[in-house]
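Position 1 is the first residue of the sequence; numbering continues from there. Note: hydrogens, waters and symmetry copies are ignored here, and every other heavy atom, side chains too, is used.
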Amino acid sequence: MKSFCEALRAPKKVDLDKLDPSETLGLDKKKGIALLAKNVEELGTLGYNLYAEGKRSLLVVLQAMDTAGKDGVIRHVMTGLNPMGMRVTAFKVPTPIELAHDFLWRIHAAVPPHGDIGVFNRSHYEDVLIARVKSIVSKTIWTQRYNQIREFEALLAESGTTIVKIFLHIDKHEQAERLQARIDDPTKNWKFQAEDVKEREFWDDYMKAYSAAIEKCDADSAPWYIVPSNRKWFRNAAVSQILVETLQGMKLKIPEPIPGLADIKIV
């Protein structure tokens with residue numbers, strides 16, 4: 001069986017409408033839950049090794065349509081990581097100060113330092129997604145941004161940041177059910193906003209925008225993974241496995257002890 005990184009790597013030509021968001025790669029729910037538990041523990045060890053080595057960092061970019069589970073992934077998959085070595089950044093509507101700079105200015109400032117894991121809840125890709133769908137900027141500007149993003153991510157990779165970009169893929173019917181659940185469950189009412197329903201009118205446009213962004217900005221140094229997310233248990237297991245495989249592939253090394261350490265006696 002292929003590794004999850006191999007199986008879920010974005011294809012050369014991306015058409016999200018042709019990819020099944022209910023795929024589970026042959027995994028059943030019981031095994032998926034067990035895999036997540038195992039990986040959460042493993043991520044704790046790998047995160048410690050990354051922090052101890054202190055020479056490289058990991059950037060995890062999460063993108064998705066509303067309700068696909070970005071918050072759920074952070075809550076369930078990252079739970080075993082030491083908060084001191086991890087930071088989550090949620091990118092919302094740019095502030096006036098951010099708008100006064102180039103679109104990558106606020107992104108670069110949030111890139112994790114060496115030794116840390118950074119998680120982006122939405123990211124610089126919003127500037128080729130919503131900016132494209134809602135015509136916030138001209139086509140000339142958002143098409144230029146694909147190359148600017150590729151160059152930016154190449155810079156990060158060359159500077160010691162390993163990049164993992166994950167699109168959580170759900171279908172429109174599944175989103176409708178999750179939005180309805182936010183209405184029906186009083187404890188989830190706070191999550192619902194009227195704009196969520198309005199955004200559904202642009203579903204096909206967003207699928208085209210996501211397909212283009214993933215296809216144009218996929219690179220070996222900054223790969224895109226498309227994770228089927230109709231089933232939450234599989235989504236969490238798959239993301240955890242991608243992160244474990246990525247960190248293991250970094251071959252992290254804890255620094256050698258100082259000379260003579262074994263001879264030191266604390267009194």
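- In this structure, the side chains of Ile166 and Val61 stay at 4.5 Å or more apart for every pair of heavy atoms.
- A donor-acceptor pair under 3.5 Å is formed between the side chain of Glu245 and the backbone N or O of Cys5.
- Surrounding CD of Glu41 are at most 12 heavy atoms belonging to other residues, nucleotides or ligands under 6.0 Å away.
- Side-chain N or O atoms of Asn189 include one that pairs as donor or acceptor with a backbone N or O of Ile183 at under 3.5 Å.
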Evaluation steps, side-chain hydrogen bond (donor to acceptor under 3.5 Å, both in side chains), between Glu53 and His114
CA-CA 9 Å; Glu53 184 191 72; His114 291 170; over 6 Å; no
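- Rounding to the nearest 0.5 Å places CD1 of Ile149 at 12.0 Å from NZ of Lys216.
- A side-chain donor-acceptor contact under 3.5 Å links Asn39 and Gln241.
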List the steps, then state whether side chain to side chain contact (heavy atoms under 4.5 Å, CB included) holds for His169 with Arg235.
CA-CA 9 Å; His169 187 29; Arg235 175 199 69 198; over 6 Å; no
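- By the criterion of side-chain heavy atoms lying less than 4.5 angstrom apart, applied directly or through intervening Ile, Leu, Val, Met, Phe, Trp or Tyr residues, Leu156 is grouped together with Val128 in one hydrophobic cluster.
- In terms of heavy-atom proximity, Ala68 sits nearest to Ser229 at O-CB, 4.0 Å.
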Just do the side chain to side chain contact (heavy atoms under 4.5 Å, CB included) check on Asp205 and Lys134 with the steps written out, would you?
CA-CA 9 Å; Asp205 294 330; Lys134 297 299 186 65; over 6 Å; no
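- Evaluation of the salt bridge (Lys or Arg N to Asp or Glu O under 4.0 Å) test over residues 74-98, restricted to residues two or more places apart or in two chains, returns Glu98-Arg106.
- Contact annotation: the side chain of Pro96 never approaches that of Leu99 to less than 4.5 Å [non-hydrogen atoms, C-beta and beyond].
- For Tyr225 and Phe167, the gap between ring centers reaches or exceeds 6.0 Å.
- Criterion: ILVMFWY side-chain heavy atoms under 4.5 Å apart, direct or through other members. Under it, Ile170 and Ile74 are not part of a common hydrophobic cluster.
- Enclosure of atom CD1 in Ile97 is not indicated, since only 12 or fewer non-hydrogen atoms of other residues, nucleotides or ligands lie within 6.0 angstrom.
- Each of Arg178, Lys198, Arg122 was compared with Asp66 under the salt bridge (Lys or Arg N to Asp or Glu O under 4.0 Å) criterion, and only Arg122 meets it.
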Given side chain to side chain contact (heavy atoms under 4.5 Å, CB included), test Val239 with Leu36 step by step and report yes or no.
CA-CA 9 Å; Val239 172; Leu36 173 63; over 6 Å; no
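- Using the six-membered ring where Trp is involved, Phe202 and Tyr206 have ring planes that are perpendicular, over 60° apart on the 30 and 60° scheme.
- Across all non-hydrogen atoms, the minimal contact from Ala213 to Tyr146 is CA-CE2, 3.9 Å.
- In this structure the side chain of Thr161 never reaches within 4.5 angstrom of the side chain of Arg56, judged on heavy atoms.
- In this model, a donor atom of one side chain and an acceptor atom of the other lie less than 3.5 Å apart for Gln175 and Arg200.
- Using a distance-only test at 3.5 Å, with no hydrogens or angles considered, no donor-acceptor pair links the side chain of Ser221 to the main chain of Ala219.
- Counted within 6.0 Å of NZ on Lys31, heavy atoms from surrounding residues, nucleotides or ligands total 12 or fewer; the atom is thus considered open.
- When atom types are taken as modelled, the side chain of Ser211 and the backbone of Met207 share a donor-acceptor pair closer than 3.5 angstrom.
- A side-chain donor from one of Gln63 and Ser123 sits under 3.5 Å from a side-chain acceptor of the other.
- By the 4.5 Å heavy-atom criterion applied to side chains, Leu50 and Met250 are counted as neighbours.
- Going from atom CZ of Phe103 over to atom CD of Gln148 covers 5.0 Å, rounded to the nearest 0.5 Å.
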Working note: Lys13 + Glu215, criterion salt bridge (charged side-chain N to carboxylate O under 4.0 Å, His left out); need CA distance, chi angles, decisive distance, verdict.
CA-CA 6 Å; Lys13 295 293 293 183; Glu215 182 177 309; 3.4 Å; yes
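- Note that Lys29 lies outside the cation-pi zone of Phe234, set by a 6.0 Å cut-off to the ring centre and a 45° limit from the axis.
- Residues Ala237 and Gly32 come closest through the heavy atom pair CB-O, 3.4 Å.
- Atom-to-atom distance recorded for Asp20:CG and Asn230:CG is 7.5 Å, nearest 0.5 angstrom.
- Ala238 approaches Leu8 most closely through the heavy-atom pair CB-CD1, 3.9 Å.
- Side chains of His101 and Pro94 form no contact here, defined as non-hydrogen atoms less than 4.5 Å apart.
- Proximity of a side-chain donor or acceptor of Thr79 to a complementary backbone N or O of His76 within less than 3.5 Å is not detected.
- Judged by distance alone, the side chains of Asp184 and Gln180 do bring a donor and an acceptor atom under 3.5 Å apart.
- Here the side chains of Pro11 and Ile226 are in contact, with some heavy-atom distance below 4.5 Å.
- Counting heavy atoms from C-beta outward, Asp218 and Arg9 have side chains that approach closer than 4.5 Å.
- The neighbour count for Glu201 CD, taken as heavy atoms of other residues, nucleotides or ligands under 6.0 Å away, is above 12.
- Residues Leu58 and Tyr48 are members of separate hydrophobic clusters, defined by side-chain heavy-atom contacts under 4.5 angstrom among Ile, Leu, Val, Met, Phe, Trp and Tyr.
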Should Arg231 and Glu23 be marked as a salt bridge (charged side-chain N to carboxylate O under 4.0 Å, His left out) after you check the CA-CA gap, both sets of side-chain angles, and the distance that decides it?
CA-CA 8 Å; Arg231 293 180 171 86; Glu23 175 64 62; over 6 Å; no
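- In this structure, OG1 on Thr246 lies 7.0 Å from CD1 on Ile242, to the nearest 0.5 angstrom.
- When the side chains of ILVMFWY residues are joined at heavy-atom separations under 4.5 Å, either directly or via intervening members, Val88 and Phe91 end up in two distinct hydrophobic clusters.
- Two residues are said to be in side-chain contact when any heavy atoms from C-beta on lie closer than 4.5 Å; Gln248 and Glu42 meet this criterion.
- Residue Ile163 is not grouped with residue Val60 when hydrophobic side chains (ILVMFWY) are merged at heavy-atom distances under 4.5 angstrom, including chains of intermediate members.
- Trp224 and Tyr125 have their aromatic ring centers within a separation under 6.0 angstrom.
- Atom OG1 in Thr89 sits 5.5 Å away from atom CZ in Phe120 (nearest 0.5 Å).
- Atom CZ of Arg132 and atom OG1 of Thr143 lie 9.5 Å apart (nearest 0.5 Å).
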